[in-house]
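Here the structure comes first, spelled out in C-alpha cells, and everything after it is commentary.
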Amino acid sequence: MAWVPLAVGPSQAYAHSPVPGIEGFYIGLLHPFSTPSQFLSMVGLALLVSSFELKMARWLLTVFLTGSLMGLMVGQQLSEPDPALFAVACAICVLAALSPGRLALLAVGLVGIGGYLIGVASIPDDGPTRDRLFTMSGSFVGANLGLLYLFGIIIFIRERYIWSWVGIAFRVVAAWVGTIALLMLALAFTRV
C-alpha cells in the first residue's frame, strides 16, 4: 500500500517525455530516415557496405562517418536535396546489385557522396546556434547508428542463413530499391 501515493501523486506521466532541452537531438536522431530520399539512400548504403568483406566494410563505414560529418559541418542547406539523394541512391543500389563486394574505389566514392548528402539534407533551418547544434549532433548520431544497425541486420541474416540464394535476394532488394529511387528521381523532375 506504500506505493499508492507514488502512483497517484504525479499529475503527468513523464515516462516517455524527452529530457527537457534536448528535444532537437531526438528530432535530429530520426531525421536521416524522415524522407523517402534519405530512407532509400540509407538502405542502399547498407546493402552496398554489407556486400564487402568486414575489413573493407569498416573503411566504408568510416568514409560514411566522415562524409556525413563534412556534410553537416561544411555543406550548405539545399532547397531541394531529394533529386541528388535519389540519384546517388540509384547509383549505390546499381553497384550493390550488379557488382556486390567489388569495385571498392567506386564504392568508397559513392559512400562518401552518400554520407555527405545525408549530412547536407540533415542541416536544420536557421535558428539559435545551440538548438541547431543539438539537432545536427542528433542527425550525425542517427545517420551513423542507423547505417550501423542496418549493416548489422544484413550481416546477421547473411551469417545466420548461409544458403546461396540469400546473397541473390539482397541483390534483388538492391535492384528494387534502386528502381524505386530512379522512379522517384523521374517524378521529381515531372511537372504536374
| request: Assess whether side-chain contact (heavy atoms from CB on, under 4.5 Å) is satisfied between Leu69 and Phe64, documenting all intermediate values. | output: CA-CA 8 Å; Leu69 184 62; Phe64 178 81; over 6 Å; no
Minimum heavy-atom distance [X]-[Y], with the two atoms named:
{"X": "Leu85", "Y": "Ser41", "result": "O-OG, 3.3 Å"}
{"X": "Pro100", "Y": "Ala97", "result": "CD-O, 4.0 Å"}
{"X": "Ala121", "Y": "His31", "result": "O-CE1, 3.0 Å"}

How long is the straight-line distance from [atom2] of [Y] back to [atom1] of [X], given to the nearest 0.5 Å?
{"X": "Asn144", "Y": "Thr66", "atom1": "CG", "atom2": "OG1", "answer": "9.0 Å"}
{"X": "Phe25", "Y": "Leu30", "atom1": "CZ", "atom2": "CG", "answer": "10.0 Å"}
{"X": "Phe140", "Y": "Met73", "atom1": "CZ", "atom2": "CE", "answer": "10.0 Å"}

| task | Check Leu47, Leu45, Val49 against Phe151 for a side-chain contact (heavy atoms from CB on, under 4.5 Å) and give me the one that passes. | result | Val49
| query | Is any side-chain heavy atom of Trp59 closer than 4.5 Å to a side-chain heavy atom of Val108? | reply | no
| query | Are the side chains of Ser37 and Met184 in touch, meaning some heavy atoms are under 4.5 Å apart? | reply |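 When only atoms from C-beta onward are counted, Met184 and Ser37 do not touch, as no gap falls below 4.5 Å.
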| Do Asp125 and Arg132 sit within salt-bridge range, that is, some charged N less than 4.0 Å from a carboxylate O? | no
| Candidate pair Arg158 and Phe170, rule side-chain contact (heavy atoms from CB on, under 4.5 Å), full reasoning | CA-CA 9 Å; Arg158 282 184 192 271; Phe170 280 117; 3.7 Å; yes
| request: For the pair Ser139 and Leu29, evaluate side-chain contact (heavy atoms from CB on, under 4.5 Å) and give the outcome as yes or no after the intermediate values. | output: CA-CA 5 Å; Ser139 296; Leu29 205 59; over 6 Å; no
| Distance-only, no hydrogens or angles: does the Ser68 side chain make a donor-acceptor pair with backbone N or O of Gly115 under 3.5 Å? | no
| said: Starting from Ile154, can I reach Tyr161 by hopping between I/L/V/M/F/W/Y residues whose side chains sit under 4.5 Å apart? | reply: yes
| said: Side chains of Gln38 and Thr35: any donor to acceptor distance under 3.5 Å? | reply: yes
| said: For Leu103 and Ser99: C-alpha separation, side-chain torsions, deciding distance, then whether side-chain contact (heavy atoms from CB on, under 4.5 Å) applies. | reply: CA-CA 7 Å; Leu103 302 175; Ser99 187; 3.9 Å; yes
